[in-house]
Structures are given as C-alpha cells and as structure tokens.
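Have a look at the structure below, then the notes.
We use all heavy atoms of the structure for the numbers below, so side chains are in, but hydrogens, waters and symmetry mates are not. Whatever order the structure lists ligands and atoms in, that order sets their numbers, starting from 1.
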Amino acid sequence: MSLIVMKFGGSSVGDAERMKRVANRVVERQREGNQCVVVVSAMGDTTDDLIDLSKQICSVTPPAREMDMLLTTGEQVSVALLSMAIQSLGQPALSFTGWQAGMYTDEVHGKARITDIQPERILNAVNQGNVVIVAGFQGMTADGEITTLGRGGSDTTAVALAAAIQADVCEIFTDVDGVYSTDPRVVKCARKLPEITYDEMLELANLGAAVLHPRAVEYAKNYNVPLVVRSSFNHNAGTNVKEEAAMEQGIVVRGIASDKNVARISILGIEEKPGQLAKVFTALAKEQIDVDIIVQSGVMNGQADFSFTVSLTDKDRALEVIQSIRSEVGFREVSSQENLVKVSIVGAGMVSTPGVAAKMFEVISDLGLSINMVSTSEIKTSCVIENSRLNEVIQALHTAYGLDTDQTAFVGGPQDRR
Ligand code: ADP
Ligand code: ASP
Ligand code: MG
C-alpha cells in the first residue's frame with residue numbers, strides 16, 4: 001500500500017464534469033489499495049475572477065489580509081465539491097481547509113511561506129479509510145490569520161504535505177502531460193522531458209515556467225520528495241523530477257522559460273560612496289520586494305547609474321520606497337520601464353560547454369532585437385528584452401539548441417488561457 005499525494009490544478013477541476021473525472025481518477029487509485037491525500041486548486045479562472053472583483057471594489061491596492069480572505073474561498077469551493085463527487089462514488093472522503101489540515105505559515109499575506117505542518121488530523125482521517133482532500137494555496141499564521149502562498153501555490157501545499165506525511169510520491173496533475181523543453185502552448189513541437197533534476201526544475205520554475213511553483217520544487221529538493229508531473233486528461237507517462245537525470249545526447253539546454261512579470265527600475269546620478277546600494281536594497285527588502293538582475297554602470301563625476309529588475313506587480317511599491325529614501329541616498333532621477341520580458345535558457349551541462357550563452361545572444365540579435373540586461377549562473381543564462389516578439393524568440397532559441405521534435409505536444413484544457 002502506498003501513501004500518495006495527488007494535486008489537481010484549476011483547469012483540471014474547471015467545471016462539474018472535470019471535477020467528476022478527477023473524483024473517478026482518485027477513487028480508482030484508492031481502490032487499487034493506496035491511501036490518497038488530494039490537494040486541489042480553485043476551479044478554472046476563479047482566482048483571477050476574484051481578483052477582478054476586488055479591483056471593482058477598490059480603486060487602490062486592496063488590504064492584503066482581506067485579499068487572502070477572499071482568494072482562499074476559491075479552493076474551499078473545490079474541496080467541498082470534490083469530496084461530494086468522491087462520496088457519491090461510494091468512497092468515504094473528508095475535505096479540509098488549509099488551516100484544518102495544520103498548514104501554518106508566516107504572516108506575509110499574499111506570499112506566505114509554510115513554517116510548520118501538523119498533519120495529525122489528516123493522517124487520522126486517512127487511516128480511517130477516507131480520501132482526504134486539502135485546499136491548496138492556503139494556510140494560517142500562529143495568530144489564526146488566513147494567508148495564501150502566492151499564485152500557483154497549491155503545488156507547494158501538495159509537496160510540503162507530501163514531505164510532512166512522508167508520502168511515497170507526490171503527483172502533480174495538470175493540463176499538460178509533463179514538463180516540456182518550453183511551454184508547449186508556445187512551441188507546438190516542444191520536447192517532453194522524461195526526467196529533470198530538482199536544480200534545473202527550480203531554475204525553470206523561478207524563471208517563469210508556470211508548470212510548477214518554485215517553492216514546491218524547493219521543498220521536493222530539500223526533503224527528497226519523489227515528484228511526478230502528469231496530465232489529468234490522460235494516462236500518459238509524465239515527467240519525474242529528481243536529484244539526477246540523464247541528459248539526451250547532444251543536448252545542453254534542457255529548457256527555455258520566460259517571465260513577463262518584469263519591470264526595470266533605473267536610478268540615475270546616484271552619489272558614489274560606500275553603502276549606497278545597501279541602503280536601496282535594504283529598504284526594498286524591508287517591504288518584501290525581491291530584486292532580480294542588478295546592473296551598475298561606470299562612475300562619472302562622482303555619480304553612478306544603476307538599474308535592476310523587480311516583478312511588475314512590485315514596481316509601483318518599489319518606486320515609492322525609492323522616493324522615500326531619496327534624501328538619505330541622494331540621486332538625480334528614478335525611472336521605470338514595463339514592456340519587458342526575461343527569457344532564459346537552463347541546462348546542467350551548460351557550465352562545461354563553451355559558447356552556449358553566445359549562441360543565445362546571436363539568436364536574439366539575428367532577430368534584430370537588443371538585449372537590455374543579462375544574468376548568468378552555472379546552469380542558466382537570462383536576457384531581458386522587449387516583450388513584443390517573445391514567442392518568436394522562444395521558437396528561434398528552441399530550434400537553435402536542437403530541441404524541436406517532430407511530434408505535437410499534448411495540451412489539454414482551454415487553449416486560450418489567461
Ligand atoms: P495548474 O492549473 O494545473 O496548476 P498551471 O497553469 O499552473 O496549471 O501550469 C500548467 C501550464 O504551465 C501549462 O498549461 C503550460 O502552458 C505552462 N508551462 C509553462 N512552461 C511549461 C513547461 N516547460 N512545460 C510544461 N508546461 C509549461
Ligand atoms: N488558485 C491559486 C492560483 O490561481 C493557486 C493555484 O492554483 O495553485 O494561483
Ligand atoms: Mg499551477
């Protein structure tokens with residue numbers, strides 16, 4: 001008998017029919033003699049719809065606490081309905097909110113981190129023969145406040161729970177049938193990867209590959225959780241995410257990811273003296289604003305310019321923070337740019353293969369585009385470029401690194417997802 005965590009994303013439970021299909025799949029698994037803990041996301045576009053609704057109520061950024069109160073309702077609907085669907089197949093089931101399931105987090109509304117999991121209640125329910133269904137994406141602080149884990153966070157609920165209950169495997173069911181060399185909605189002939197390392201997957205997820213939430217991969221790596229990504233629409237073999245993975249001969253780039261949630265902020269004419277960068281980045285960190293690529297240009301007349309990227313969603317707050325420390329730091333001007341995208345190539349073999357980054361720069365410049373910023377690590381190279389021709393860039397890179405296949409990737413669910 002295996003203990004399995006199965007996670008179903010929003011498009012897998014997008015309507016009542018799909019919910020019933022998921023119920024059948026879970027019951028099938030339980031009746032094969034396994035114990036199933038199911039983590040489920042909000043149905044279809046529910047989370048986006050709730051966000052739209054909040055914007056109709058609030059002209060300014062809504063209070064973060066109330067936003068979490070609102071968004072967690074989406075997952076609560078799903079767990080109740082899935083439990084009903086499973087019970088109507090004659091299989092005992094119990095649904096739990098994140099807090100009932102013992103998911104504790106820190107206090108950062110909107111992007112909380114899991115701090116502790118107390119799984120006794122759900123383990124009891126499992127041991128009594130129930131399929132247990134847990135609401136993804138949500139938790140509770142030590143003070144009893146409701147929090148969410150950031151967009152896509154149900155994956156993290158699933159993997160963290162799998163680690164806490166020492167599940168034999170955590171299966172992430174989604175609308176594609178595995179992790180591909182790039183988003184199969186963009187490149188139809190993308191390559192399905194039978195396996196990928198935790199490190200490569202972590203880079204791809206951090207760099208924008210929505211198929212897994214980055215913190216889910218972090219958990220899987222830290223607790224060595226066997227992780228499989230597969231489709232809820234068919235029984236195709238999926239992708240195993242693991243410590244080590246074989247590389248196909250002649251391929252150095254495992255995947256290509258892109259992230260449109262990027263804004264560039266430039267601080268011009270900053271007075272050149274020790275500690276200036278520290279002041280700026282400490283002030284941003286205090287507001288939980290993550291800074292990504294940082295570029296400083298040369299010093300002239302005792303003044304320097306530097307630019308960095310933040311999430312587009314953090315841009316306005318970042319500008320406010322910088323204005324608030326203007327007199328302390330001393331600079332001439334601050335500006336921002338939005339119409340950007342970060343495109344990245346990832347592969348563990350890159351470090352030992354010369355010319356991989358050079359090829360990326362060449363492909364982008366052959367398309368007549370200029371590169372605004374670059375960052376590299378042992379297993380990735382990222383370029384920030386203008387976003388208007390992103391799909392063309394991804395396709396050209398995919399071809400240049402020999403990743404195209406002669407098959408069409410499986411893509412389920414609505415084709416035009418937002
Ligand atoms: P879910 O609702 O199941 O959590 P997500 O939308 O979060 O699903 O993630 C699945 C989507 O991730 C796919 O529909 C696909 O468009 C996108 N995606 C981006 N990069 C990749 C990739 N490298 N491999 C597979 N899917 C990817
Ligand atoms: N429902 C949340 C979202 O849309 C969490 C998730 O789907 O993982 O981001
Ligand atoms: Mg997701």
Q) What is the closest protein heavy atom to atom 7 (O) of ligand 2, and at what distance does it sit? A)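 Answer for atom 7 (O) of ligand 2: Ser41 OG, 3.3 Å.
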Q.
Among all protein heavy atoms in this structure, tell me which lies nearest to atom 3 (C) of ligand 2, with the distance rounded to 0.1 Å.
A.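 Checking every protein heavy atom, the shortest distance to atom 3 (C) of ligand 2 gives Arg151 NE, 3.3 Å.
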Which atoms of ligand 1 are found less than 4.0 Å from any heavy atom of [X]?
X: Tyr180; answer: 22 (C), 23 (N), 24 (N), 25 (C)
X: Thr182; answer: 22 (C), 23 (N)
X: Val179; answer: 24 (N)

Q.
Exactly one of Val131, Val13, Val38, Val77 should register a side chain to side chain contact (heavy atoms under 4.5 Å, CB included) with Leu82. Which one does?
A.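 That would be Val38.
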**Q.** Option passing side chain to side chain contact (heavy atoms under 4.5 Å, CB included) with Tyr219 (candidates Thr157, Leu161, Val159)
**A.**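 With Tyr219 as partner, side chain to side chain contact (heavy atoms under 4.5 Å, CB included) holds for just one option, Val159.
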At a non-hydrogen distance cut-off of under 4.0 Å, which region of [X] contacts ligand 1 (side chain, backbone, both, or neither)?
X: Val176; value: side chain
X: Ile172; value: neither
X: Ser41; value: neither
X: Lys7; value: side chain

Q: Please list, chain by chain and in numerical order, all residues satisfying side chain to side chain donor-acceptor pair (under 3.5 Å) with Arg25, sequence neighbours excluded.
A: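 Partners of Arg25 under the side chain to side chain donor-acceptor pair (under 3.5 Å) test: none.
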Q.
Check contact between Gly153 and ligand 2, using heavy atoms of the residue and a distance below 4.0 angstrom.
A.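 Distance cut 4.0 Å: Gly153 passes for ligand 2.
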Q. Does Gly10 have a heavy atom less than 4.0 Å from any atom of ligand 2?
A.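 No; Gly10 lies far enough from ligand 2 that no heavy-atom distance drops under 4.0 Å.
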(Q) Closer than 4.0 Å to some heavy atom of Glu75 - which atoms of ligand 2 meet that? (A)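 Close to Glu75: 1 (N), 2 (C), 5 (C).
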Q. Counting each atom of ligand 2 from 1 as listed, which ones have a heavy atom of Gly152 under 4.0 Å away?
A.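 Near Gly152, the atoms of ligand 2 are 3 (C), 5 (C), 6 (C), 8 (O), 9 (O).
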Q.
Please tell me whether Gln87 and Ser83 have a donor and an acceptor in their side chains that are separated by less than 3.5 angstrom.
A.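 Yes - a donor-acceptor pair under 3.5 Å links their side chains.
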In this structure, does ligand 1 have an atom that sits under 4.0 Å from one of the heavy atoms of [X]?
X: Ala210; answer: yes
X: Gly152; answer: no
X: Gly178; answer: yes

(Q) Checking contacts here: is it the side chain or the backbone of Ser154 that comes within 4.0 Å of ligand 2, counting heavy atoms only? Could be both or neither. (A)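 Both the backbone and the side chain of Ser154 come within reach of ligand 2.
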Q. Quick one: does ligand 2 sit under 4.0 Å from the side chain of His213, the backbone, both or neither, non-hydrogen atoms only?
A.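 Contact part for His213 vs ligand 2: neither.
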Q. Under 3.5 Å between some N or O of ligand 1 and some N or O of Ser181?
A.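 No, no N or O pair falls under 3.5 Å.
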Q.
Below 3.5 Å, N or O to N or O, backbone or side chain included: is there any such pair between Asp155 and ligand 1?
A.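 No.
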(Q) Out of Val211, Val187, Asp175, who is nearest to atom 13 (C) of ligand 1 when you count heavy atoms only? (A)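 Nearest option to atom 13 (C) of ligand 1, by heavy atoms: Asp175.
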Side chains of [X] and [Y] in contact at under 4.5 Å (non-hydrogen atoms):
X: Arg317; Y: Asp314; result: yes
X: Arg326; Y: Gln323; result: yes
X: Ser258; Y: Ile256; result: no
X: Ser54; Y: Glu66; result: no
X: Leu340; Y: Lys260; result: no
X: Arg121; Y: Pro119; result: no
X: Thr47; Y: Arg151; result: yes
X: Ile270; Y: Val329; result: yes

Q: Could you tell me if the ring centre of Phe281 sits under 6.0 Å from that of Phe308?
A: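 Centroid distance Phe281-Phe308: below 6.0 Å, so yes.
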